[in-house]
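For reference, the structure discussed in these notes is given below.
By convention in this document, chain letters (A, B, ...) are assigned in the order of the sequence lines, proteins followed by strands, and residues within each chain are numbered from 1.
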Amino acid sequence: MLDLAYYLIFSFALYIVGIYCLATKRNLIRLLLGVEMLVNAANINFITFAAYAAPGFVDSLGHSFAAISIGLAGALSAVALAVVVLLYRRYGTLDSDELKQLRG
Amino acid sequence: MQIIDVAPWLCWILPAIGALAALALNKVNRKAMNITVLSTTLLSCIMTLLMVPSLLNNSSIDHALFWFQIAGAQVNAGLLIDALSIIVANVVSFLSLLIMIYSTKYMAEDPSIARFWFFMSLFLSSMLLLVLADNFILMFIGWKLVSLCSFGLIGYYYRDEKEHWIGGPAPFPFQKPSRNGLKALLMTSFGDTALLAGIIILYLYSHTFNFMELIQTAGTWLPAMAATPGILALTCVLLLLGPLAKSAQFPFHEWLPEAMSGPTPVSALIHAATMVKAGVYLIARMLPIFFFAAWVAAPAYPEALTFFIMAGAIGAFTAFLGGTQAMVAKELKKVLAYSTMSAIGYMVLALGISGLSAGSLVAGTSSSIFFLINHGIFKVVLFLCAGVVIHSAGSIYLDHMNLSTKRMRFTLVSMWIGGLALMGVFPLSGFWSKDNVLIACLESGQYAIFAVAMISVVLTAFYVCRMMGLAFHTGTPDGNIHRDEEFRDRKLAEDHAHGEEGHWIEILPYGLLAALTVVIGLVGPLVSEFLSSAFSTYYANMGLEVAAETHTGFLGLSGLGLEVLVAAVSIVMILIGAVPAYFLYIKPTSNPSNLLPQTGIRRTLYNFLWNRWYINAFYNKVFVEPSIWVSKRVQRYIEDPLNQAINGGIPEGFKWLSRGLSRIQTGKLRINMLYLLVTIVIALIVLWLGGFI
Amino acid sequence: MFTLPFDLLLIFTVASPILGWVSPKQYRAKICGVFAAAALVVVGVALFGLYQDVVANAAVYLPSNALNFATLRVDALSIFMTAIFLGLGFAATIYSIAYVENSGRTPFYFTLILALISGMVGIVFAGDLLALYVFWELMSISSYALVAFFKEEGTPIEAGFKFLIMSAAGSATALFGISLIYGLTGTLNFEGLVAALSGATPNAWIYLAAVFVFVGFGVKTAVFPLHTWLPDAYSAASAPISAILSGIVIGPGVYALAKVFFTAFLPIQTAWTLAFAVLAVVTMLIGNITALRQTDLKRMLAYSSIGQVGYMLIGFAAASQLGLTGTFLQFFNHALMKGCAFLCAGAIIYRLGSRDISGMQGVGRKMPLTAFAFAISVAALVGLPPLCGFPGELTLFSSAVQADLTWLGVALLLNSVISAGFYLRIVYVLVQPVSSPAVEKIKESPLLMLIPILALMVLIILFGVWPDPLVNFAGDAANALISLGGNP
Amino acid sequence: MDTAIPSILLQAVIVPLIGALLCAFLGKYLKRNTGWIAAAATIYSTALLAYVAVQLWTQGGQLVETYTWGTIVFQLDFGFLADGLSIPVALAMSIICTAMTVYSINYMDHRIEHLYGKDKPGTYALYYALFLLFPVGLIGGALSTNTIELFLFLESGLFPFYILMDVFGYKDRHRIAMMSFVWTQIGAAVLLIGAVIAGVKAGSFAITSLSVLSGTDLGLLACGLILVGILMKMGTFGFHVWLPLVHAEHPTSIAAVLATIVGFGTYMIARLLFQNMFASFQLFSLPLMILAVVTMFYGAYLTMGQDDVKRLFACSTIGQTAYSILGLASMNAMGVEGGVFYFISHILGKAILFSVAGILVTQTGTRSIKEMGGLAGKMPLTATLCLLGAMILSAIPPLSGFQAEWILFTGVFMQGLTGTAYMILAILALFATFLTAVYTFWPAIRIFFGPTPAGMEKTKEAPLTMTAPLVALAVISVLIGLFPDIIMHFLTSVF
């Protein structure tokens with residue numbers, strides 16, 4: 001089994017990529033992907049910690065949390081996609097920078 | 001209850017009721033109003049007369065009632081009845097009564113006479129309160145109220161119609177009655193402020209406001225006061241400033257000439273006979289305290305002499321100052337006003353004398369009070385006559401008068417009696433009191449003051465003769481008066497036929513008083529003797545026992561010899577003043593304007609005197625104009641910029657800040673997410689720098 | 001299953017769309033609205049029963065007191081928060097009945113409101129971070145949908161999307177932080193966290209977890225600089241939703257931060273109190289100063305909410321029982337005041353059809369009751385006694401002084417003065433004489449809108465004049481949290 | 001002491017509040033007569049307070065009413081204390097409010113008609129309902145027993161103050177309303193900071209527990225903050241920029257009440273700092289005295305330069321409140337008694353003067369003194385009232401100003417004897433009072449004396465409801481002036 005550190009580095013990296021994606025990308029769908037990445041970074045943490053909780057055992061709490069979290073992320077995505085569709089209908093674009101009616 | 005317990009209270013409460021009655025009855029019935037006011041005045045006068053018996057038995061009664069409490073003490077309201085207060089109260093109420101009678105005719109046609117009665121009655125009430133009060137606080141109430149009444153009466157013609165202006169003629173400035181009232185109020189207020197400071201300092205050491213207690217306990221509190229050098233002198237100065245302002249003494253004398261814009265009875269009562277004497281009264285009232293400090297206490301406190309030196313010097317100077325100005329005045333009432341200043345200068349001077357040597361206390365005080373009585377009487381005569389004269393002549397300027405000596409015989413005679421008494425001609429009342437003052441000067445060794453007083457006698461003789469001459473005998477003017485339109489406008493509406501004698505109701509009061517002047521003159525030495533004995537008992541009761549009179553007299557003379565000498569010298573002095581005036585104005589041998597070339601030293605002197613020594617101008621330049629200058633600029637240069645900076649600037653700043661900060665809200669989703677990232681990064685950096693991770 | 005009130009709430013939530021489908025179309029809005037309102041009342045009654053239990057036992061656990069299971073734990077704080085949620089939710093629901101009358105998708109609207117409230121109640125009932133997160137997502141998703149609900153207009157959708165992305169990123173960040181906590185302790189139960197971490201010497205991971213949790217929950221709380229979604233979402237959403245969002249959706253964020261920081265992160269308290277102090281000041285300044293020159297009425301109120309969040313953070317900085325009392329009290333009062341203000345603003349906009357403040361001159365003369373309630377709520381927001389804003393600010397200020405952070409209290413008062421600058425502007429515009437024909441036409445708000453507005457106004461005055469019961473309740477709530485953290 | 005009426009102090013505070021509600025609901029129907037409801041409420045409060053005062057006079061001691069307000073988190077009693085300090089102050093303020101309510105009836109009629117035209121019944125309800133919050137705040141503030149309660153009552157007048165300015169004020173009223181709100185709010189905030197610091201550290205917000213901190217470093221801080229807060233509310237030099245504007249542009253009936261609110265700081269300093277934090281407060285003697293003297297002169301010169309009749313009296317408030325501060329700064333019983341006495345006297349005078357200004361504005365239609373003149377013949381009663389007001393301010397007996405002023409200055413000179421600097425300040429201050437006569441009488445003369453300008457011939461006397469309350473105030477002032485024991489009996493019992 002690999003050292004815990006590698007998993008953690010991976011999850012942190014995933015998190016950073018996700019945030020970077022959110023902070024730079026302008027396509028609405030990509031933004032959703034960025035959010036998914038963030039959630040998954042956390043999920044990986046849960047799985048990893050569950051595995052490393054006690055030698056030879058897997059902590060069920062971490063796994064269940066990850067499973068629930070995936071489900072919740074799915075719900076989120078569903079709502080988000082619905083909003084994106086509505087947005088596209090109204091604005092005719094998927095560029096987030098075009099959404100600038102609200103400012104100041 | 002004895003009459004002496006009630007009379008003092010009634011004598012000042014009655015006129016107050018009269019004052020209110022005047023307002024209440026104004027719309028109801030004028031006649032009833034006049035009668036009510038006169039009867040309250042009469043009753044008040046009777047009440048003061050009822051106090052005279054206790055003057056004869058030299059008692060000093062203090063009626064005190066609980067008034068109110070202050071931290072750690074209480075203040076009582078009481079009336080003090082002693083020689084000083086009885087004499088002054090009688091003078092006030094008697095003169096008031098006569099002047100009120102005179103006014104019923106003089107002011108009869110005035111539409112707002114209720115206001116006149118109100119202020120006159122209130123004045124009488126507060127003047128009596130001032131005189132009878134047994135403590136500083138109660139006295140001060142009367143003191144301020146008389147100022148207020150004076151304000152109301154000087155500005156009686158508040159609409160400032162041209163005929164009531166005073167001053168001029170053009171190009172010299174005219175002053176309006178309303179402004180003159182304010183000027184009088186403010187100048188006396190300035191003195192009052194100082195007086196109040198003095199009273200308070202006195203209280204802080206003595207813990208009492210009561211006049212009698214102040215003197216009785218002086219021995220215990222004076223050491224504490226004298227422990228700090230300067231305090232006693234400061235108190236002297238502060239306490240004197242109030243009376244000096246009230247009595248129109250230098251440097252506060254400037255309000256009096258312009259106070260003549262009030263109705264003539266007002267000038268007679270307030271600005272000649274009574275209110276201006278309040279200062280003299282108060283100095284006399286406070287005098288024992290400082291006399292005690294300067295001469296009786298052991299060790300003596302020489303700082304207390306400040307009081308007497310200041311009074312003597314200022315009194316003498318004002319006597320001279322007033323005399324010089326009266327010599328050139330063009331308005332009849334102003335001549336009398338200047339002469340009032342001068343005469344009060346005499347009284348103040350005499351009071352100063354009384355403390356300048358250990359032995360002249362009684363002589364100084366009694367001569368001063370004697371002068372006060374006499375001056376009150378004959379100055380009222382002069383003013384009341386002046387009222388009739390002005391009505392008759394239809395002008396306030398002496399140059400315009402030239403009245404008939406035939407048709408106005410009563411007025412002429414009365415006025416001459418008053419004038420001669422003012423000059424101090426034997427055997428009228430003024431002679432005795434003036435000589436007493438002069439003797440007191442000599443006896444206490446104050447030769448400088450004596451000399452100034454003597455010069456003033458010359459001046460008095462001159463201006464009285466000039467005034468009478470211009471008014472009745474020749475009417476030859478002495479200046480090159482600009483007889484332009486403005487000047488002609490100043491003539492009063494001619495409601496009397498030119499040169500007509502006054503109504504008998506008007507003549508009666510001043511006739512009576514002129515007679516009284518003669519009577520007092522005839523029994524002068526007796527009155528003088530009576531006053532000295534009254535005051536020596538008065539002071540003895542206070543414990544101001546002074547060693548037997550040790551002065552050696554002047555040139556080895558004393559007693560009768562000295563009196564004769566002084567009388568002789570003063571008669572000479574009167575002649576020195578009167579003779580030139582007689583030949584210039586009464587039986588003119590040359591035109592007085594010939595004495596005044598357009599330029600030259602005499603012209604300069606004339607201008608100097610005419611412009612009142614430039615003192616008024618100086619005050620205007622130094623106090624009035626800068627104050628106005630400053631007040632106009634405070635708003636523009638301090639208040640407005642502050643307002644701009646704070647009330648305008650700070651909101652502007654916030655607006656600017658708000659504009660700047662709202663740029664954070666870009667509306668771009670990417671930037672928002674960047675904030676999130678940055679937050680995490682900064683948090684990590686801070687933690688790292690803090691050594692936490 | 002989840003205690004009676006919560007069970008009821010969930011059942012009603014599920015039942016409401018069904019009811020909507022079966023009910024006749026023309027009455028649908030009214031029926032659903034009344035149903036939702038009635039549901040909240042029933043839940044409120046049930047909550048009172050639960051409150052008796054909590055008073056008796058300090059905390060009610062479900063299903064058991066085991067450390068490693070998802071649990072609900074109901075204590076005084078939970079009851080306190082739930083009461084606010086239900087109360088303002090009820091007011092907003094009543095109000096909505098009038099507001100959404102003409103909309104086609106009425107049942108969903110009320111379902112979403114109930115779901116939102118369920119989510120929030122779940123959060124405050126949660127006994128561990130797992131349950132908390134689950135209900136957090138329930139709340140979040142409902143709120144996204146609600147912001148974007150009236151999709152006919154453009155800005156709600158835009159605002160909803162921005163809100164969604166930011167908030168979801170925040171939730172994910174919080175989840176990341178929670179995962180780190182899990183890794184550190186192996187448990188998510190709050191009592192377990194206290195037990196596991198209280199004795200431990202702080203290491204880097206715990207700080208790291210704190211940062212992620214703070215950022216995650218901070219987004220929902222709208223702490224500077226994570227507040228940028230808030231003005232958009234509040235101003236674009238419909239009035240009752242704005243009221244709920246502003247009044248109570250801040251609550252779960254504050255609650256979650258408090259719950260985590262006063263249990264798991266107590267060992268590193270010294271590090272975060274100062275951070276909260278600084279953030280409190282910056283947040284309140286940003287909120288209040290930016291609000292100064294807003295022209296959109298709802299946007300101005302939205303910014304002022306950010307300022308209010310700053311006030312609430314003072315309790316964190318003070319980190320004492322008094323401070324938390326102040327935070328919860330301020331939260332309660334803010335729910336009343338800002339709820340009322342948003343409802344009034346909604347009513348005005350509903351009648352006038354415009355949000356521009358300068359166009360509202362004279363509205364107060366046409367809608368006097370609404371304007372009066374607005375003025376009262378605004379005065380309360382400034383913190384004027386005897387209105388309910390004052391006790392909250394006083395408590396917070398006292399706690400700051402007590403914690404030797406007087407400057408923080410000074411900042412609070414200074415901000416309340418600054419805030420007067422824009423709050424009063426609204427009042428001033430409303431009392432102006434009528435100047436435009438648009439205003440000339442309008443009339444007083446509909447009764448159903450007026451009732452919740454006036455009810456809230458009365459509460460604002462009532463709790464201002466007689467704050468003691470409320471202060472004590474908030475004090476109990478703070479005590480519950482403090483004692484959970486182990487230092488009573 | 002005890003009284004026959006239960007909860008008498010609570011009643012005195014609550015009744016105007018109930019009156020306010022009545023006015024709010026009935027104003028629409030009663031229109032201008034709403035004022036009589038308001039007047040009834042304030043008269044009732046005044047009567048109750050007068051009754052308490054009489055009881056206090058005869059029985060001595062003090063009357064305390066306590067209602068529990070906060071129990072657990074904060075120990076707060078909602079108490080009312082009537083003692084020798086609070087009763088005269090509360091009574092005086094209540095009388096002013098009563099007089100101003102009656103005065104308003106005609107004045108506001110004119111004002112509302114001028115601003116909004118006829119037939120705006122709602123505005124009457126608004127005005128009187130808000131106006132009645134002033135007596136609530138002022139009476140309650142004077143009777144408070146803890147700092148939070150005091151703050152509460154102080155602030156309760158603030159919002160009405162804002163709205164009234166905004167709705168009924170004169171020129172530039174919106175900006176000034178905002179400004180006044182912010183300024184007084186800042187003042188209140190600073191005051192609150194001090195009070196809370198003291199309260200938290202002393203463990204109780206009761207005013208008496210301030211004494212726990214007296215003399216400590218913390219006490220000095222709290223004392224300083226409270227003082228600065230109060231000085232801001234009192235508009236001393238440096239903090240005064242709001243006062244002339246706010247004071248001048250308010251409807252005059254409110255301006256009179258504002259003078260009361262401004263002067264109320266005197267009471268607060270006496271109650272909070274002098275009575276309870278003396279050891280800390282006395283360190284402020286010299287700076288406070290200097291500030292007071294500067295303010296007196298500044299206020300005097302500022303006032304002298306004014307040509308606007310309302311602004312004139314507004315500016316004079318700056319200097320006049322500084323007198324009271326001077327008295328308090330003298331740190332002895334006489335000074336404080338004088339300071340509080342002067343405050344009471346000043347509000348009587350200022351209420352008269354402001355109302356006279358209001359009468360002038362309503363009757364002549366102009367505010368500029370330059371356009372006025374000779375009005376004494378047209379409106380003799382108003383002229384008399386103006387002069388009486390001027391007499392109160394410039395301390396001319398027999399009005400109350402004189403008694404207050406000499407008592408005050410006795411205290412100041414007592415401090416003056418302790419050092420040369422104090423002495424110089426005392427004498428300077430006394431001469432500043434001389435300027436009062438200049439800036440009150442001079443304008444009075446310009447307005448009422450002299451020839452009547454062309455446009456003013458038709459000016460008439462004001463109706464009786466406007467003058468009668470002022471006459472009553474003047475009579476009260478005369479009574480106090482003649483029998484200062486009416487005030488001093490109470491004040492000496494506490495200092």
Side-chain angles (χ1 to χ4, degrees), chain B residues 68-71 627 629-693, chain C residues 155 158-159 161-170 172-173 176-177 202-212 214-216 218-219 223-232 268 270-272 274-275 278-279 282 285-294 299 302-303 306 417-418 421-422:
Chain B
F68 62 96
Q69 49 195 320
I70 52 176
S627 283
W629 189 88
V630 168
S631 67
K632 294 280 176 223
R633 274 152 191 80
V634 164
Q635 177 71 37
R636 199 191 310 162
Y637 292 109
I638 304 180
E639 187 67 16
D640 286 344
L642 267 180
N643 183 19
Q644 283 290 320
I646 296 175
N647 294 328
I650 292 178
E652 267 316 304
F654 272 106
K655 266 185 203 156
W656 179 81
L657 208 60
S658 178
R659 216 172 2 243
L661 285 179
S662 62
R663 298 225 175 88
I664 291 175
Q665 195 75 14
T666 54
K668 286 188 179 168
L669 192 52
R670 288 187 293 131
I671 310 289
N672 293 355
M673 302 314 295
L674 201 59
Y675 292 149
L676 201 151
L677 181 61
V678 167
T679 311
I680 295 175
V681 171
I682 288 178
L684 293 178
I685 291 171
V686 168
L687 285 175
W688 182 62
L689 290 176
F692 295 111
I693 54 173
Chain C
T155 48
E158 178 185 335
F161 185 75
K162 286 179 178 172
F163 177 35
L164 187 150
I165 294 293
M166 265 205 93
S167 186
T173 310
F176 197 79
N203 60 9
W205 288 108
I206 190 167
Y207 288 108
L208 213 53
V211 168
F212 280 103
F214 169 74
V215 170
V219 170
V223 180
F224 174 84
L226 313 170
H227 66 278
T228 43
W229 60 272
L230 188 144
D232 301 349
I268 56 167
T270 46
W272 52 257
L274 189 64
V278 173
L279 283 172
V282 176
L285 278 174
I286 292 279
N288 286 326
I289 292 178
T290 316
L292 281 175
R293 55 179 291 279
Q294 294 301 323
R299 210 169 167 79
Y303 273 110
I306 298 173
V417 173
I418 296 174
F422 56 87

Checklist entry - Between CD1 of I286(C) and CD1 of I664(B), what distance do you get to the nearest 0.5 Å? => result 3.5 Å
Checklist entry - In terms of heavy-atom proximity below 4.5 Å to chain B, should I418(C) be classed as side chain, backbone, both, or neither? => result side chain
Checklist entry - What residues form a side-chain contact (heavy atoms from CB on, under 4.5 Å) with L274(C), not counting sequence neighbours? => result none
Next on the checklist: With a 4.5 angstrom heavy-atom cut-off, is it the side chain or the backbone of L657(B) that approaches chain C, or both, or neither?
Outcome noted: both
Checklist entry - How long is the span from the CG atom in L661(B) to the CG atom in L292(C), to the nearest 0.5 Å? => result 9.5 Å
Any idea which donor-acceptor pairs are under 3.5 Å between chain B and chain C?
unit_1: S658(B); atom_1: OG; unit_2: I289(C); atom_2: O; d: 2.7
unit_1: S662(B); atom_1: OG; unit_2: R293(C); atom_2: NH1; d: 3.4
unit_1: Q665(B); atom_1: NE2; unit_2: T228(C); atom_2: O; d: 2.5
unit_1: G667(B); atom_1: O; unit_2: K162(C); atom_2: NZ; d: 2.6
unit_1: N672(B); atom_1: OD1; unit_2: T228(C); atom_2: OG1; d: 3.4

